[in-house]
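To keep things clear, I will list the structure first and then write my remarks on it.
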Amino acid sequence: MTAPERGPLERGPLEHGPLEHGPLEHGPLERGSVEPPGGRRAVFVWSIGVAVYFVAVIFRTSLGVAGLDAADRFHVNASALAAFSLLQLLVYAGMQVPVGLMVDRLGTKRVLTLGAVLFTAGQLGFALSPSYGMALAARALLGCGDAMTFISVLRLGTRWFPARRGPLMAQLAGLVGMAGNLVSTLVLAPVLHGAGWVAAFAGSAACGLVVLVPVVLFLRDNPEGHATEPPARGGLGFVRAQLAESWREPGTRLGLWVHFTTQFPAMVFLLLWGMPFLVEAQGLSRDAAGGLLTLIVASNMVLGLVYGQVIGRRQSSRIPLALGTVATTALLWGAVLAWPGDRAPMWLLIALCTVLGTCGPASMIGFDFARPANPPARQGTASGITNMGGFLASMTTLLTVGVLLDATGDDYRIAFSTVFVLQALGVARILRLRPHALRRERDRERDHERERQRDRIGRLREPVSPTAGDSPAPAPPTA
């Protein structure tokens with residue numbers, strides 16, 4: 001059987017055609033629709049959106065290489081410095097559902113344009129802020145714009161590429177984002193130390209203007225002939241309906257809990273607590289600790305492609321991959337914390353950081369459950385709900401670890417054990433929602449197959465009109 005003939009459960013739900021996003025009662029627009037064509041034009045448009053996301057990640061992670069410089073510039077202590085990251089995460093997570101609604105209502109191009117304007121203004125404001133309060137506001141503005149990028153890129157992938165490419169395109173987007181993290185480390189840090197604060201941050205803000213131009217000039221929401229009907233405008237009624245209908249789908253809720261359970265260990269380690277843990281608790285130098293953090297990013301980039309290929313070819317691997325990632329992360333996390341003595345061996349830390357690189361690709365599986373559960377008009381809302389999961393878990397863990405470190409005199413074993421609590425909660429929810437969500441997917445596939453059978457029969461029954469050059473057959477001679 002060739003790839004185009006495979007059903008949705010075989011080829012990957014992240015980017016199904018309009019019919020396959022939900023049951024047939026989603027309306028006539030989903031019936032008989034043709035999958036997006038893909039091709040060079042699709043790659044060009046998708047690359048524009050991914051470039052915006054790439055720059056947003058550079059801006060998002062730029063503070064990670066400028067922590068000490070920021071503390072000196074704004075004369076703040078470690079707690080006030082951590083507020084930059086926490087506020088940014090809070091804004092990002094809080095914006096996910098509103099951004100999803102905006103994508104559904106306004107379209108990808110408008111939301112990406114607004115996001116690029118906001119995160120560029122935030123980065124420039126951070127460069128020029130004379131006080132801690134203004135810098136905090138600039139980071140919040142940056143987080144607001146950053147929140148508008150990833151959901152928009154996911155929607156571009158589903159609207160421009162055929163279903164079988166969906167998981168791979170999502171993982172490629174995540175890979176590009178991780179590359180932005182590397183750029184912050186390898187490019188922005190030397191510029192900061194060589195040219196100074198204002199030159200580094202104001203200069204990087206120019207990248208936002210560079211990616212904004214092609215968005216305005218060339219980006220399109222859909223291929224020609226594949227536009228979807230915009231949702232009816234209903235104010236608060238529209239918002240309530242979008243949220244309620246998206247949340248009612250078990251696939252949306254399963255996607256949220258998969259994202260919640262898989263993403264946060266690596267996020268917490270990379271964003272704030274990994275460096276202090278490796279330096280203070282494990283006795284590594286800053287260079288060695290930085291190398292391990294870079295290993296997480298590199299592992300993420302390599303394994304993201306593997307996860308995308310596996311899921312695209314075998315949909316039954318989604319839950320085993322997600323739960324396997326959680327189990328392996330918990331096993332190595334626990335081994336490092338329980339290792340006899342004060343410090344774990346380097347080989348074990350390398351193994352932990354390599355496995356933490358799988359957390360990002362595994363979190364993308366959440367979108368593979370949410371996308372097919374919702375029609376095109378709700379894709380943005382469903383993606384926003386799903387994307388909240390990992391960031392809510394990350395914020396909870398960031399705060400809890402900080403509180404426990406203060407309460408226990410920097411006992412990382414106790415503080416880092418909070419990871420297991422959230423993992424156990426997430427796994428319990430995944431196991432509970434999994435049967436219902438997968439049953440709904442199977443029902444949609446059967447409905448879709450019946451509809452395709454009816455379409456084929458209808459086409460076979462249509463009379464074939466003779467072409468202009470055809471002449472009727474001669475009548476048989478009569479006696």
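Bear in mind the structure is a predicted one, so any value in this text is a computation, not a measurement. In this chain, residues are counted from 1 in sequence order.
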Do the non-hydrogen side-chain atoms of [X] and [Y] ever get within less than 4.5 Å of each other?
X: F201; Y: F126; value: yes
X: R318; Y: R434; value: no
X: L404; Y: F416; value: no
X: W160; Y: F44; value: no
X: R378; Y: E249; value: yes
X: R73; Y: S129; value: no
X: L118; Y: L142; value: no

**Request:** Would you please say whether a donor-acceptor pair under 3.5 Å links the side chains of N374 and Q379?
**Result:** no
**Prompt:** Would you say the side chains of T262 and S363 form a donor-acceptor pair under 3.5 Å?
**Reply:** no
**T400, V401, L399 screened by side-chain contact (heavy atoms from CB on, under 4.5 Å) with T397, the one that passes** = V401
**Message:** Name the residue from V153, N222, L156, T113 that meets the side-chain contact (heavy atoms from CB on, under 4.5 Å) definition with T108.
**Reply:** L156
For residues 48-59, which side-chain donor-acceptor pairs fall under 3.5 Å, sequence neighbours excluded?
none

**Prompt:** Given the rule in the ring-ring contact (aromatic ring centres under 6.0 Å, His included) test, do F269 and F264 qualify, once you have shown the distances and angles that lead to the verdict?
**Reply:** CA-CA 8 Å; F269 207 79; F264 78 96; over 10 Å; no
To the nearest 0.5 angstrom, please state how far the [atom1] atom of [X] sits from the [atom2] atom of [Y].
X: L292; Y: L270; atom1: CG; atom2: CG; answer: 11.0 Å
X: M395; Y: M388; atom1: CE; atom2: CE; answer: 7.5 Å
X: L405; Y: D411; atom1: CG; atom2: CG; answer: 8.0 Å
X: L278; Y: L293; atom1: CG; atom2: CG; answer: 6.0 Å
X: L243; Y: L101; atom1: CG; atom2: CG; answer: 5.0 Å
X: T381; Y: M102; atom1: OG1; atom2: CE; answer: 11.5 Å

**Message:** Please evaluate residues F369 and L438 with respect to the criterion side-chain contact (heavy atoms from CB on, under 4.5 Å), reporting the C-alpha separation (whole Å), side-chain torsions for both, the decisive distance (0.1 Å), and the verdict.
**Reply:** CA-CA 9 Å; F369 288 110; L438 294 183; 3.9 Å; yes
**Request:** Would you check, one step at a time, whether the test side chain to side chain donor-acceptor pair (under 3.5 Å) holds for Q88 with R139?
**Result:** CA-CA 6 Å; Q88 196 168 325; R139 294 304 287 186; 2.8 Å; yes
What are the two closest non-hydrogen atoms of [X] and [Y], and how far apart are they?
X: G208; Y: F119; answer: CA-CE1, 4.2 Å
X: A179; Y: M301; answer: CB-CE, 4.0 Å
X: Q96; Y: G384; answer: CB-O, 3.2 Å
X: V103; Y: S152; answer: CG2-OG, 3.8 Å
X: V91; Y: C144; answer: CG1-N, 3.5 Å
X: V99; Y: A147; answer: CG1-O, 3.8 Å

**Complete:** By ring-ring contact (aromatic ring centres under 6.0 Å, His included), Y92 pairs with (sequence neighbours left out) F391
**Prompt:** Stepwise, does the side-chain contact (heavy atoms from CB on, under 4.5 Å) test hold for I311 with L321?
**Reply:** CA-CA 9 Å; I311 296 169; L321 274 177; 3.8 Å; yes
For [Y], does its backbone N or O pair with a side-chain atom of [X] as donor and acceptor, under 3.5 Å?
X: R371; Y: D368; value: no
X: T418; Y: A415; value: yes
X: W339; Y: G334; value: no
X: T261; Y: V258; value: no
X: R253; Y: R248; value: yes

**Message:** As a quick check of understanding, evaluate side-chain contact (heavy atoms from CB on, under 4.5 Å) for R40 and V43, giving each step before the final call.
**Reply:** CA-CA 5 Å; R40 293 181 179 179; V43 172; 5.6 Å; no
Would you please name every residue forming a side-chain contact (heavy atoms from CB on, under 4.5 Å) with [X], sequence neighbours left out?
X: V213; result: L217
X: S417; result: L337, F420
X: L124; result: L128, A202, A205
X: V421; result: none

Quick one: which residue pairs count as a side chain to side chain donor-acceptor pair (under 3.5 Å) with a foot in [range], not counting sequence neighbours?
range: residues 190-215; value: Q123-S204
range: residues 268-282; value: E280-Y412
range: residues 173-182; value: none
range: residues 298-310; value: Y307-T325

Using residues 64-71 as the side-chain source, report each donor-acceptor pair under 3.5 Å to any protein atom, sequence neighbours left out, with the distance given to one decimal.
none

**Request:** Could you tell me if the ring centre of F367 sits under 6.0 Å from that of H259?
**Result:** yes
**Request:** Determine, stepwise, if the pair D146 / R60 fulfils salt bridge (charged side-chain N to carboxylate O under 4.0 Å, His left out).
**Result:** CA-CA 7 Å; D146 180 19; R60 179 200 306 174; 2.6 Å; yes
N/O donor-acceptor pairs under 3.5 Å from side chains in residues 342-362, not counting sequence neighbours:
from: T354; atom 1: OG1; to: I350; atom 2: O; distance (Å): 2.8
from: T358; atom 1: OG1; to: V355; atom 2: O; distance (Å): 2.6

**Prompt:** Any chance CZ of R432 has more than 12 other-residue heavy atoms, nucleotides or ligands included, within less than 6.0 Å?
**Reply:** no
**Request:** Report yes or no: is the cationic atom of R429 (NZ for Lys, CZ for Arg) under 6.0 Å from the centre of the six-membered ring of F260, at an angle within 45° of the ring normal?
**Result:** no
**Request:** Taking only Lys NZ, Arg NE, NH1 and NH2, and the carboxylate oxygens of Asp or Glu, determine whether D221 and R155 approach each other closer than 4.0 Å.
**Result:** no
**Message:** Before you tell me yes or no, could you show the steps for L172 and L305 under side-chain contact (heavy atoms from CB on, under 4.5 Å), namely the whole-Å CA-CA distance, both residues' side-chain angles and the distance that decides it to 0.1 Å?
**Reply:** CA-CA 7 Å; L172 284 174; L305 295 176; 3.3 Å; yes
